[in-house]
K.L.:
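First, the structure itself, so that you have it in front of you.
Please read these numbers as outputs of a predicted model, since none were measured by experiment. Index from 1, following the sequence.
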Amino acid sequence: MTRSGQDYLESLRDGREVWLDGERVKDVTRHPAFRNTAGSVARLFDLAHDSAHTPVLTTDGVHRAYTIPRSYEDLVARRRAHKVWAQASYGFLGRTPDYMASGATGFAALPQVFTTESFDGAPNALAYHRRLAEGDLYPTFTITNPQIDRTRSASEQEEDDLVVRVVAERDGGIVVRGAKMIGTGAVFGNEVIVGTIEPLAPKDVEHAVCFSVPIDTPGLKFLSRTSYEAQARSVFDNPLSSRFDENDALLVCEDVFVPWENVLAYRNVDASFAMWWQTPAYVNFVHQAATRFWTKLEFLTGLAILITKANNTYELPPVTQAIGRLMGKVAQAKAFVLAAEASYENVEGGQGVRPGKEISFAQRIMAGELYPQAVQEIKMLAGGGVIQLPASGEDLLHPELGPLVRKYIRSPGHPAEDRIKLLKLAWDALGSEFAGRHEQYERFYHGAPHIYLVQQVWEGDTGACESLARACLDGYTLRAGGGERPAL
């Protein structure tokens with residue numbers, strides 16, 4: 001059964017060890033650095049639990065992200081559910097619960113990937129998926145090694161415990177030590193899956209481990225980055241960062257005990273890699289993320305339209321052309337989602353279908369390059385107005401400053417309060433520290449280019465490209481007298 005938003009918030013009050021600014025956070029649902037975003041996530045649970053959107057978001061009592069798609073129609077239904085949640089945060093919450101839920105569903109579609117000679121994690125992968133779905137939990141993950149020395153493998157780092165590894169075995173489980181990044185949204189989750197999405201060297205067998213544990217597990221620490229929510233002055237002044245800062249945290253394991261039943265992959269570098277790439281997990285991630293990205297571009301383009309109308313420039317030919325370019329980018333983002341669904345593939349050796357790999361990997365290339373272009377385009381349309389704004393909405397309420405602000409910060413048909421509200425939203429989306437983090441996020445949230453570009457070569461139809469070029473080469477030969485004369 002799905003949970004209400006209040007049920008979700010209560011689940012966060014479990015004594016988890018979250019650190020910010022040198023202090024341990026006692027309750028993320030009440031702390032000014034986290035409480036509004038926790039409330040935004042709670043609203044997602046309410047939408048699924050009891051709202052007009054419940055039939056779209058759920059099926060058979062669970063979120064649609066937890067159902068293994070069996071057809072093209074099932075993929076479309078999942079996307080519609082992803083879209084509802086993405087629209088609730090205007091695309092600015094990236095790691096909502098349906099993200100890792102989609103990954104867990106990918107594991108369940110091909111569980112035999114977890115079966116190796118040394119460890120059989122298939123039953124645990126199926127139990128993991130079932131536990132999340134039935135409990136309507138918020139799963140998060142940290143699956144990247146810290147950026148300490150990328151020229152060395154995990155086992156070659158200067159110190160043994162820089163990257164999560166197994167340090168002991170017990171009858172009931174294993175003990176792990178080390179760190180992982182980047183725990184986006186982890187402080188708001190119920191469980192965190194710890195693994196490695198990039199390939200490991202054969203000698204990194206001690207680091208070839210993947211497991212999931214509750215966020216409040218003893219020895220598990222989350223070191224939070226700066227909170228943009230905490231820096232926000234108000235919803236009026238910082239409408240996005242005050243409510244949708246999902247945070248990113250470094251995960252540190254200090255001799256964390258993991259029961260065997262929570263271990264998915266163990267001492268096998270092939271399994272720890274294949275669980276993401278051979279199962280539908282990764283393309284399921286992309287399906288959710290591509291839907292969110294499409295939604296985010298819709299929002300940003302709508303923002304550009306509102307800004308140019310407020311500036312009374314909307315009908316100028318150069319501005320209309322710029323809006324046209326942005327609308328083209330929205331259509332491009334939408335097209336990748338629909339194309340991935342239409343090119344669906346059967347899960348070979350497993351259950352159901354998954355979005356087409358080739359289009360899914362291509363979406364990652366497109367999105368990382370397109371987002372900064374869109375932001376730059378809208379910045380040019382906004383002009384200097386976004387940096388010449390009152391420090392806060394309080395200036396509008398001040399008896400002496402209010403009349404001045406209303407006189408000088410307005411435009412035809414747009415009173416000062418409306419114009420300031422719009423431009424503060426624009427700055428939060430385009431130029432604030434929160435906005436800068438989002439630009440970097442859209443470039444790297446599915447890995448660095450050297451990961452997904454290589455995957456595109458592996459999964460793309462390079463043969464078709466090569467054969468077409470070769471057909472042209474094979475169609476003519478060098479002959480005496482300068483070769484063949486083209487026909488007129």
K.L.:
Is there a donor-acceptor contact under 3.5 Å linking the side chains of T2 and H49?
P.N.:
yes
K.L.:
So, are D245 and R225 salt-bridged, with charged N and O less than 4.0 Å apart?
P.N.:
yes
K.L.:
Hey, is the main chain of Y228 close enough, under 3.5 Å, to the side chain of E433 for a donor-acceptor pair?
P.N.:
no
K.L.:
Can you give the donor-acceptor pairs under 3.5 Å from side chains of residues 178-191 to other protein atoms, not counting sequence neighbours?
P.N.:
from : atom 1 : to   : atom 2 : distance (Å)
K180 : NZ     : N145 : OD1    : 2.5
K180 : NZ     : G195 : O      : 2.9
K180 : NZ     : T196 : OG1    : 2.6
T184 : OG1    : D248 : OD1    : 2.7
N190 : OD1    : R3   : NH2    : 2.8
N190 : OD1    : Y138 : N      : 2.9
N190 : ND2    : S11  : OG     : 2.9
E191 : OE1    : R131 : NH2    : 3.1
E191 : OE1    : S212 : OG     : 2.6
E191 : OE2    : R131 : NE     : 2.7
E191 : OE2    : R131 : NH2    : 3.4

K.L.:
Do side-chain atoms of W260 reach the backbone of R170 as a donor and acceptor pair under 3.5 angstrom?
P.N.:
yes
K.L.:
Can you name the nearest heavy-atom pair linking L12 to A38, along with the distance?
P.N.:
CD1-CB, 4.3 Å
K.L.:
Does I197 offer a backbone N or O that forms a donor-acceptor pair with the side chain of W277 under 3.5 Å?
P.N.:
yes
K.L.:
Taking the side chain as C-beta and beyond, is there a heavy-atom pair between V252 and L223 under 4.5 Å?
P.N.:
yes
K.L.:
For F361 together with Y282, are the ring centres under 6.0 Å from each other?
P.N.:
yes
K.L.:
Quick one: are V41 and T96 in side-chain contact, heavy atoms under 4.5 Å?
P.N.:
no
K.L.:
Considering residues at least two apart in sequence or located in another chain, which fulfil the ring pair (Phe, Tyr, Trp, His ring centres under 6.0 Å) criterion with F222?
P.N.:
none
K.L.:
Does any part of the side chain of C210, heavy atoms only, come nearer than 4.5 Å to the side chain of F114, both counted from C-beta?
P.N.:
no
K.L.:
With a 6.0 Å cut-off on the ring centroids, do F92 and F434 count as close?
P.N.:
yes
K.L.:
To check you understand the geometry: which heavy-atom pair defines the closest contact between I359 and S343, and what is its length?
P.N.:
CG1-OG, 3.7 Å
K.L.:
Can you tell me how far CG of L338 sits from CG of L75, rounded to the nearest 0.5 angstrom?
P.N.:
11.5 Å
K.L.:
Taking side chain as C-beta onward, heavy atoms only, is Y371 less than 4.5 Å from R443?
P.N.:
no
K.L.:
Report yes if the side chains of R30 and R13 come closer than 4.5 Å at any heavy-atom pair, otherwise no.
P.N.:
yes
K.L.:
Please check this pair: side chain of N262 against backbone of P259, looking for a donor-acceptor N/O pair closer than 3.5 Å.
P.N.:
no
K.L.:
State, without any angle test, whether N268 and S118 hold a side-chain donor-acceptor pair at a distance under 3.5 Å.
P.N.:
no
K.L.:
Are the side chain of N124 and the backbone N or O of V263 linked by a donor-acceptor pair below 3.5 Å?
P.N.:
yes
K.L.:
Hey, mind stepping through H31 and V28 against side chain to side chain contact (heavy atoms under 4.5 Å, CB included) and telling me if it holds?
P.N.:
CA-CA 5 Å; H31 194 282; V28 295; 5.7 Å; no
K.L.:
Would you find a donor on one side and an acceptor on the other, under 3.5 Å apart, between the side chain of T291 and the backbone of R79?
P.N.:
no
K.L.:
Thinking salt bridges, do K221 and E254 make one under a 4.0 Å N-O criterion?
P.N.:
yes
K.L.:
Among pairs that include at least one residue of residues 59-75, which meet side-chain hydrogen bond (donor to acceptor under 3.5 Å, both in side chains), considering only residues two or more places apart or in two chains?
P.N.:
R70-Q351, S71-E73
K.L.:
Counting C-beta onward and ignoring hydrogens, is there a side-chain heavy-atom pair between L200 and S272 closer than 4.5 Å?
P.N.:
yes
K.L.:
Looking at side-chain heavy atoms only, is the closest gap between S432 and N238 below 4.5 Å?
P.N.:
no
K.L.:
For R95, is there any backbone N or O sitting under 3.5 Å from a side-chain donor or acceptor partner on E246?
P.N.:
yes
K.L.:
Would you check if the side chain of D428 reaches a backbone N or O of L240 as a donor-acceptor pair within less than 3.5 Å?
P.N.:
yes
K.L.:
Could you go step by step and tell me if Y128 and I193 meet the side chain to side chain contact (heavy atoms under 4.5 Å, CB included) rule?
P.N.:
CA-CA 10 Å; Y128 170 67; I193 190 169; 3.9 Å; yes
K.L.:
Between side-chain atoms of residues 298-305 and protein atoms elsewhere (two or more places apart, or another chain), which donor-acceptor pairs fall under 3.5 Å?
P.N.:
from : atom 1 : to   : atom 2 : distance (Å)
E298 : OE1    : K83  : NZ     : 2.8
E298 : OE2    : W294 : NE1    : 3.2
T301 : OG1    : L297 : O      : 2.8

K.L.:
Rounded to the nearest 0.5 Å, how far does CH2 of W85 lie from CG of L57?
P.N.:
6.5 Å
K.L.:
Can you find a heavy atom in the side chain of F211 that is under 4.5 Å from one in the side chain of V164?
P.N.:
yes
K.L.:
Just by distance, with hydrogens left out, do N36 and S242 show a side-chain donor and acceptor under 3.5 Å apart?
P.N.:
no
K.L.:
Please identify each residue that fulfils ring pair (Phe, Tyr, Trp, His ring centres under 6.0 Å) with Y99, with sequence neighbours left out.
P.N.:
F141, F285, H446
K.L.:
Kindly determine whether V18 and I215 satisfy side chain to side chain contact (heavy atoms under 4.5 Å, CB included), including the steps that lead there.
P.N.:
CA-CA 10 Å; V18 177; I215 300 293; 5.7 Å; no
K.L.:
So does F273 have more than 12 non-hydrogen atoms from other groups sitting under 6.0 Å from CZ?
P.N.:
yes
K.L.:
Do E229 side-chain atoms and R35 backbone N/O form a donor-acceptor pair below 3.5 Å?
P.N.:
yes
K.L.:
Does CE in M327 sit with more than 12 non-hydrogen atoms of other residues, nucleotides or ligands closer than 6.0 Å?
P.N.:
no
K.L.:
For E10 and Q6, does a side-chain donor sit closer than 3.5 Å to a side-chain acceptor?
P.N.:
yes
K.L.:
Looking at R354 and E348, is any side-chain nitrogen of the basic one under 4.0 Å from a carboxylate oxygen of the acidic one?
P.N.:
no
K.L.:
Is there a donor-acceptor contact under 3.5 Å from the side chain of H129 to the main chain of A104?
P.N.:
no
K.L.:
With a cut-off of 3.5 Å and sequence neighbours excluded, list every side-chain donor-acceptor pair involving residues 463-470.
P.N.:
from : atom 1 : to   : atom 2 : distance (Å)
S467 : OG     : G463 : O      : 3.0
S467 : OG     : A464 : O      : 3.0

K.L.:
So R78 and D98, side chain to side chain contact (heavy atoms under 4.5 Å, CB included) or not? Walk me through it.
P.N.:
CA-CA 10 Å; R78 284 166 64 88; D98 54 337; over 6 Å; no
K.L.:
So with a 6.0 Å cut-off around CZ of R267, is the heavy-atom count from everything else above 12?
P.N.:
yes
